[in-house]
Amino acid sequence: MSIALVGFNHRTAPVELRERLAWRDHEVAGVVEDIVARGGSGAVLLSTCNRVEFYVADPTAEALRRVWERAGERLGTAPQAYGYCKADREAVRHLFRVAAGLDSLVLGESQIQGQVRRALELSRPRAGMVLERLFQLALRAGGRVRAETTLGSGAASVPSASVDLARKIFGALEGRRAMVLGTGEMAELALACLADEGVRCVLVAHRHVERAREMAERLGARAIGFDDAWPLFSEVDIVICSTAAPHAVVTRERVGEAVARRHGRPLCLLDIAVPRDVAPDVGELEAVFLYDIDDLQGVVEWSLASREFEVGDAERIVAEEVGAFWEWYRGRRMVDAIRALREHLEAVRRAEVERALRKFRHLDPGDRERIEYLTKVLLNKFLHGPTTRLRHAAGNGREEAIAEAVRYLFGLGEAPAETLRTEGERDDS
Amino acid sequence: MALYGGTAAVAAVPLLRSQRGLRVRRATAVLAVLAAAAHFVALLVFAAVYRVLPLVGLGPTLATLAFMVALLGVGLLLQTREPAVMLVTVPLAVGPLGLAVVAGFEAPSAGASSGAWFLLHAAASLFGLALLGVAVGAAALYLGQHRVLKERQFGVIFQFFPPLEQLDRLNLRALVVGFPILTVGIALAVVFAGRALEPVATLRYHVGWGFFAWAVFGGLALARAKGWLWGRAAARVSLLGFGMIAGTFLVLRLAFGSLRFL
């Protein structure tokens, strides 16, 4: 096994277990260090609200055992029932799908891209070359999916649905003005999404002005009472209603005149309160586009359903990037084997040349150099064919078996050059 | 025409399958550009064969008008990046082009209008009318988008049609820019008529229809520029105005087809 993944996500572990497993940023380096110390060339810990995943390169059995132990310590129970294990190409494919948003709770969500990047940054001192490259290519796969498909487009939440609706009415939202009625949390979330698109909140209205003041100060807006709000329906472009009123506060009688003064300029009215703040007949006014919480949810559902059509293209991109990583990885393993072989044979050559030159003390420096040169040329000649074939093997899927065979045949990484001398040669020295 | 049809078919794919797809956008843009290019080449061939710009005779004139509408549509497609734009542009281009094919592309007669004044008049008038076509296309899309937004139907039209205000702005700009261009065309016609070899009386249907189109177009442009019309009312009146202009042309052509008309 060259790359191992041990993970827990929203499909395998309920939230009460996932919240116990979640590691904070300052804990990641210590956990990664602990795992790599048990064996492996690198490790990365990805910890988000919906998943915790350990990626380990060239893991030993002890390193994997330690991963499960750490998870078990956090969970307070046997973790195997809630986790999953993947290896090699499957582990790579899994990570690439995660970065692309294909494995997310909300298909195509983009937050995971930043979380994968953050995981690599936090684990970096001990990530190792293989996982560094793996995560970089995973981020590239995620970027390609978002650039080449519309998997991440459209609203995925009620607050972001307000942006979709406003955009369909106004087009670009830069410079548009919004008013908030009430100080509900959902209204603030919707406003935050709109503010990201350039909408300015200019007014916060509440039955009691002093309650509006705190939110208004936070948003850089003006606090007003409800009675002052109705005439201003002619000035703003977007109104978000989220009061705690038990009945409709925005009625045709109150805002009809102001809406008429708009001379056809559209007004986007987002009523996210339950019970609703806006009387339904307000939506019948020509310039008014009225949406309640069910409508916003409808936008989200449609958007998420349409993302399903992009999955095929996204999976194709992931498969391409997995292939690119695996191509690199196979080549790298063969490069390691070739380097180890050269180093080993070079060590043998040096040792034998030194031993021979000790016997031939009568040779002048020029002759010694010629012998040195001759042995180097011979070594290169002998290695040329096998090296070329080893590189070729990296491209035809036999690299693992051949690299192992080379290591075994030449004892790479085991015995020093001394042990390869024959009995007669040992007697000579 | 096949390329135009293919463009509209590809543009309709998202509406049929609820699939966004960047490939659909790219494919629509490529086909639209190819169709306009093929159309342009065809007009060039006409000019090369008959040694006259395709602004003389009913068939060539309608074909040129169709090309201008298509060209403006391609520009809109590239600007808005919404394939749905081609769903109205293609019919507005294929309609006159189909009529041109029916009318035929025979060689201009010996007494046919020619000369720089005439060609400038024809080009300016056609371009002005092409912009009217764009205004009407925007109005049609506006009404579609307005309905789904008002009735809270978040389906394919909501997703794939351009934003409401963008369409309203497009209608306004096309009318306000197109009308002066058409006015220049009319003014050039007056200059041309003063130099023409045949009396204007034989072209009374042409002239009458031209002034009628100019008046309707002008009324629309004025109402929009002054802010008397906006939103859904502006879109409806734009469609009505276009219907009046196109309908009058067709009626005159059918009723008095034996007389010289363009």
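Chain letters run A, B, ... following the sequence lines, proteins first, then strands; residues in each count from 1.
- Only the backbone of E284(A) comes within contact range of chain B, with heavy atoms under 4.5 Å apart.
- Between R200(A) and V202(A) the shortest side-chain heavy-atom distance falls below 4.5 Å.
- Between R254(A) and T251(A), the closest side-chain pair of non-hydrogen atoms falls below 4.5 Å.
- Proximity of F170(A) to P266(A): side-chain heavy atoms (C-beta onward) are separated by under 4.5 Å at one or more points.
- By the 30° and 60° cut-offs, the orientation of the rings of W230(A) relative to F233(A) is tilted.
- Ring geometry, Y291(A) versus F154(B): the interplanar angle falls from 30° to 60°, so the pair is classed tilted.
- For residues 171-187 of chain B, an interface with chain A (any heavy-atom pair closer than 4.5 Å) does not exist.
- Proximity to chain B is absent for every atom of L296(A), based on heavy atoms less than 4.5 angstrom apart.
- In this view, R140(A) and E321(A) satisfy the salt bridge (charged side-chain N to carboxylate O under 4.0 Å, His left out) rule, not counting sequence neighbours.
- Annotation: maximal heavy-atom pairing with chain A below 4.5 Å, among A233(B), G155(B), P162(B), occurs at G155(B).
- Between the side chains of T64(B) and T61(B), no donor N or O sits under 3.5 Å from an acceptor N or O.
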